[in-house]
Amino acid sequence: MPNQHFLTLFFFILLSCNTLTSSSSSEKDDTFDFVRPIDRKLLGLHKKEKLSHFKFYWHDILSGKNPTSISIIPPTINSTTAFGLTHIIDNPLTLGPQLSSKLVGRAQGFYASASQVGLDFLMAMNFAFIEGKYNGSSITILGRNPVLNKVREMPVVGGSGLFRFARGYAQFSTHWLDLKTGDASVEYNVYVYHY
Ligand SMILES: *[C@@H]1O[C@H](CO)[C@@H](O)[C@H](O)[C@H]1NC(C)=O
Ligand SMILES: *[C@@H]1O[C@H](CO)[C@@H](O)[C@H](O)[C@H]1NC(C)=O
């Protein structure tokens, strides 16, 4: 059958492509070590590190037609701390406290209630910025959020783009909370070293 013939030819081409790529990459393997020292200049890291302070508002929207924070795992039964409750978020970050103020990025990630005695959340999120030269760059946060404390703090564990090699911390406090819906806006002050 002509169809079968075509298939054979197709697989032959596929196989030869694989052979080609694997032979060229093994050639590379012969000349490159697993790890080598590298000049900072090659990565543009010879300039002095900067310390920047970013301030914006994080909006956790649970209510309405377009929630940005969605419960994906319910809490364990009878837990007073919502232990286990997990939300996936794509929360807007705005310059001012109002949701309608200028959008500077989004906080994408999750938070989960991780304490059996208090209201402590594990937060893992990327601040994906769209503002000015930071458009496309992101800051990664991983930390503990004891929600009843007025000011909380979490580490900046890294970043991408203009935030390569970033480190620092974020301080944040609740600006507004709707006890009925759970909607909240939180002021973030992020202090970050980056190049
Ligand atoms: C939850 O608590 C109620 C009231 O204390 C109790 O009757 C029920 O058995 C508990 N459920 C579970 C699954 O522990
Ligand atoms: C950010 O960059 C993307 C992709 O390059 C572009 O489509 C978008 O318009 C930019 N956004 C802003 C606010 O500049």
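As the structure lists them, so they are numbered: ligands from 1, and atoms in each ligand from 1.
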Review point. Any protein heavy atom under 4.0 Å from atom 4 (C) of ligand 2?
Key: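 So far as the 4.0 Å threshold goes, atom 4 (C) of ligand 2 is out of reach of every protein heavy atom.
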**Study point:** Heavy atom of protein closer than 4.0 angstrom to atom 14 (O) of ligand 2
**Key:**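 Yes, there is one.
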Point to revise | Modelled atom types, side-chain donor and acceptor of N126 and S138, under 3.5 Å | key: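 Per modelled atom types, N126 and S138 side chains form no pair under 3.5 Å.
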Point to revise | Counterpart residues, ring pair (Phe, Tyr, Trp, His ring centres under 6.0 Å), relative to H46 (two or more places apart) | key: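 None.
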Exercise for review: Can you sort out the partners of F54 under ring pair (Phe, Tyr, Trp, His ring centres under 6.0 Å), two or more places apart, ordered by chain and number?
Suggested key: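 Partners of F54 by the ring pair (Phe, Tyr, Trp, His ring centres under 6.0 Å) criterion, ordered by chain and then number, come out as F129, Y134, F163.
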Check your understanding: Can you tell me the protein heavy atom closest to atom 8 (C) of ligand 2 and the distance?
Key ->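 The protein heavy atom lying closest is N135 ND2, 3.8 Å.
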Practice item. Please confirm whether H194 and F165 have ring centers closer than 6.0 angstrom. Key: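 Centroid distance H194-F165: not below 6.0 Å, so no.
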